[in-house]
Number of protein chains: 2
Amino acid sequence: MSNSTPATIEDVARIAEVSIATVSRAIHMPEKVANSTRLKVNQAIAITGYTTNAMARSLRLGRSNMILVVAPDIGDPNFSNILVGLENEARAHGYGILIGHTQNDAQRGLEYLKFFNSNQAAGLILFTGILPFGHQSMTARLPPSVGVFEPVFNGGIPYVGVDDTEGARKAVDLLLAEGHRKIAFIGDSRTRLAYTRRRMGYDAGLDAAGVPPDTRIVLEGDGTIESGRHAVEQLFMRDTLPTAFMCVNDQTAIGVMVGLGARGYDIPRDFSVTGFDDVPQAVFISPSLTTIRQPRTAIGKQAMALLLELLSDGQPAETEILLRPDLVVRNSVSAPSRNWLRR
Amino acid sequence: MSNSTPATIEDVARIAEVSIATVSRAIHMPEKVANSTRLKVNQAIAITGYTTNAMARSLRLGRSNMILVVAPDIGDPNFSNILVGLENEARAHGYGILIGHTQNDAQRGLEYLKFFNSNQAAGLILFTGILPFGHQSMTARLPPSVGVFEPVFNGGIPYVGVDDTEGARKAVDLLLAEGHRKIAFIGDSRTRLAYTRRRMGYDAGLDAAGVPPDTRIVLEGDGTIESGRHAVEQLFMRDTLPTAFMCVNDQTAIGVMVGLGARGYDIPRDFSVTGFDDVPQAVFISPSLTTIRQPRTAIGKQAMALLLELLSDGQPAETEILLRPDLVVRNSVSAPSRNWLRR
DNA sequence: ATGAGTGATGTAAAGGTTTACATAAAGGTC
DNA sequence: GACCTTTATGTAAACCTTTACATCACTCAT
């Protein structure tokens, strides 16, 4: 019962008066064991409260049923919903999940890599655009892995995300439809594929509308709130003001709104702003943010499904799965009329 | 090198031309092995890329150096900073940490409990006010555990948090100092100790100022944004309006602000609002929220320190560690003058 | 030269599983 | 009744470590 040391398979075997092999079979291949014996074993398990020692099992089997999810920043507002999708799908297939937090520290990433040498985890879900393992990854074998949200830079790792170009196109089309012609694009780092792709949507939208591109109102940043605020300052300094700000993500958009608010402007009366991601806060800031929604739970589900496929087949079915992002219209966009007049 | 199966201690032993026992000693008790041999072993380890199999090690040792952190909701804005404190402290003592997500599902909690039967983790950090293990916890042995943020209801588990009463007192004192006399208290569930304690601070503050308590403006909820919004509606329906809202947490406060905003009121001109926690959003909503800061990183650090102590000594040094919460003054509080006139 | 002590290394058992193989009993066929 | 098949169970090896104990070769004191 409530013993000091957990029951082992031998305890169960002794009580059920069978061998440990039979106990193991009763658990994992119940059809291979006589009804009467199975009953005895189940009773013994109930009495002892036995649960198989996962370490011993993995050690013997050379595999585990845990999936490791590695994220550089657990506080990322996108993280938790994706996680739910990942978890539900994993559970449905008998896998459990563990979360590792690297804080963008390669050393920590490396520690988690050891998990795979020990068979403590069977597969890897990566939330980061680059492998978190530094150079060692070259010599070490990579476990079966799937990237989420953004492609993984330096490995041939399949990933699940959203069609960034299409999403960005939806945002720019909305702004164009409202009548905006001077639309700034506030990006993060040019090295990120998401940036490149969203920028492509922006460029294509302008082009289709016959609006000539204006690189003076295309800025880079680092995707943080602070970076959005900074972009606003830059544009005011240069005196090249747009009528709308299309931002590479919601954090940047929030920063832009804070920056404009600090200068006394009203959104959407004076300027329109769009984001990308639809983080939970997007509803609660004021005005609420018009943005592009990432179907997070679905992304998580797909990513896990892909990984499980990888684990059983060994071959990646496809190397990139892009889901459809939706435009979420809220209150940060309106027609630019008054702006036009003022300037 | 880049072999298909990870190197074992035997591979290292063969290359270094020693026994596996010597390899193990060279790693864990380097002073017990001759300099020359240690050198050979280290070279062999470098060649093979050997890393010890954590499962085999834990199986043999009957303990691991992983700490499991179980949280019901990883999206909780309080979570990630605490986690950083936990991680840093753990790492400094040679422990790694793993995160389990229960989504408030006892079944999932139970799965993580199996971790301890398998020695996959040595200790437990709990982010939830009740044990996530359902009734089984009665029969099963609990691993060494520490609660974070709120006391754990049904176990004699030590915990690290903040002095809720003192924090609440600071908030109510600020409001009183600004001249408010009709101060609503918007709580979550009466079953939560944090509620009780913050309420105590509220009551004590009013009492010290000679303001008679008015239960008509003390409401309960569930601590969500929606719940704050709902509280505002209730007060308007009953026509028992306060001049200030003191909220049990920031989520509720944000909800209150949204609710007041929706009715066209300006904060802090028409009503003052305070929160508790200082979640990251508190800075970015407008107006920015005056609230009580939880020293999150410090809480995490202390909790892990306590757990590590538990692991080595077996005895909890103290059963409750309360850190000092600080008032963070922002822009959601002002004097009530105009309100008074209007009503 | 002997014996005790010291230091470095090797041998083998143990930790809790799973499973190939061996064994045994029972059932079916002629 | 002898033989083959099927079904149920047991035996023992393997997974990779750590470490108590044994062994061996020294050094040093007597």
Side-chain angles (χ1 to χ4, degrees), chain A residues 3-42 44-45 48-66 94 114-122, chain B residues 3-42 44-45 48-66 114-120 122:
Chain A
N3 239 329
S4 72
T5 148
T8 76
I9 200 171
E10 267 192 273
D11 300 328
V12 176
R14 197 176 319 111
I15 294 185
E17 298 177 303
V18 295
S19 75
I20 60 170
T22 302
V23 175
S24 179
R25 274 188 291 252
I27 296 171
H28 300 291
M29 326 147 82
E31 73 285 356
K32 286 278 182 190
V33 75
N35 281 328
S36 56
T37 343
R38 197 176 339 139
L39 206 72
K40 282 194 297 180
V41 170
N42 286 339
I45 289 178
T48 54
Y50 170 75
T51 89
T52 49
N53 181 316
M55 308 219 97
R57 176 162 218 260
S58 300
L59 178 58
R60 176 62 237 253
L61 258 46
R63 68 189 142 82
S64 89
N65 55 172
M66 284 283 161
K114 290 187 193 161
F115 259 58
F116 296 95
N117 284 343
S118 308
N119 293 314
Q120 280 186 92
Chain B
N3 240 331
S4 71
T5 148
T8 76
I9 201 172
E10 266 191 275
D11 300 328
V12 177
R14 197 175 320 112
I15 295 186
E17 297 176 303
V18 295
S19 76
I20 59 171
T22 303
V23 175
S24 179
R25 275 188 290 252
I27 295 171
H28 300 291
M29 324 147 82
E31 73 286 355
K32 286 278 183 189
V33 75
N35 281 327
S36 55
T37 344
R38 190 167 353 126
L39 207 71
K40 282 194 298 179
V41 170
N42 285 338
I45 289 178
T48 54
Y50 171 76
T51 91
T52 54
N53 181 317
M55 310 219 96
R57 175 161 218 261
S58 300
L59 177 59
R60 177 63 236 256
L61 259 47
R63 67 188 144 83
S64 90
N65 55 170
M66 283 283 160
K114 290 186 192 163
F115 259 58
F116 295 96
N117 284 343
S118 307
N119 294 314
Q120 280 186 90

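Every chain is numbered from 1, with letters handed out A, B, ... down the list of sequences.
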Could you state the [atom1]-[atom2] distance from [X] to [N], rounded to the nearest angstrom?
X: B:Glu10; N: C:dA12; atom1: CD; atom2: P; result: 13 Å
X: B:Asn119; N: D:dC16; atom1: CG; atom2: P; result: 19 Å
X: B:Asp11; N: D:dC16; atom1: CG; atom2: P; result: 9 Å
X: B:Arg57; N: D:dT19; atom1: CZ; atom2: C1'; result: 12 Å
X: A:Leu61; N: C:dG16; atom1: CG; atom2: C1'; result: 12 Å
X: B:Met29; N: C:dA8; atom1: CE; atom2: C1'; result: 12 Å
X: A:Asn35; N: D:dT9; atom1: CG; atom2: P; result: 10 Å
X: B:Arg25; N: D:dT19; atom1: CZ; atom2: P; result: 10 Å

When we call it a touch if two heavy atoms are under 4.0 Å apart, what does [X] touch: a base, just sugar-phosphate, or nothing?
X: B:Ser58; result: nothing
X: A:Ser118; result: nothing
X: A:Thr22; result: sugar-phosphate
X: A:Ser19; result: base
X: B:Leu59; result: base
X: B:Ala34; result: sugar-phosphate

Any side-chain to backbone donor/acceptor pair from [X] onto [Y]? Under 3.5 Å, distance only.
X: B:Thr37; Y: B:Ala34; value: yes
X: B:Thr8; Y: B:Glu10; value: yes
X: A:Ser64; Y: A:Met66; value: yes
X: A:Thr22; Y: A:Val18; value: no

| So does B:Ser24 get a side-chain nitrogen or oxygen closer than 4.0 Å to the phosphate oxygens (OP1/OP2) of D:dT18? |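 B:Ser24 to D:dT18 OP1/OP2: side-chain N or O found under 4.0 Å.
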| Taking OP1 and OP2 of D:dC15, is either one under 4.0 Å from a side-chain nitrogen or oxygen of B:Thr8? |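 For B:Thr8, the contact criterion (side-chain N or O under 4.0 Å from OP1 or OP2 of D:dC15) is not met.
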What are the two closest heavy atoms between [X] and [Y], and how far apart are they?
X: A:Met55; Y: B:Leu59; answer: SD-N, 4.5 Å
X: B:Ser19; Y: B:Ala13; answer: C-CB, 3.8 Å
X: A:Asn117; Y: B:Asn53; answer: O-ND2, 4.0 Å
X: B:Ile20; Y: B:Ile9; answer: O-CD1, 3.6 Å

| field | Residue whose nearest DNA chain C nucleotide is more 5′ - A:Arg63 or A:Asn53 | value |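 In this pair, the answer is A:Asn53.
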| field | Upstream residue (5' side of DNA chain C) when A:Ala7 and B:Glu31 are each assigned their closest nucleotide | value |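 Residue closer to the 5' terminus by nearest nucleotide: B:Glu31.
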| field | End-to-end axis angle, where each axis spans five pairs of the helix from C:dA1-D:dT30 to C:dC30-D:dG1, to 10° | value |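 One end's axis against the other's: 60°.
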| Can you tell which of D:dA8, C:dT17, D:dT18 lies closest to the side chain of A:Arg60? |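 Side chain of A:Arg60 sits closest to C:dT17.
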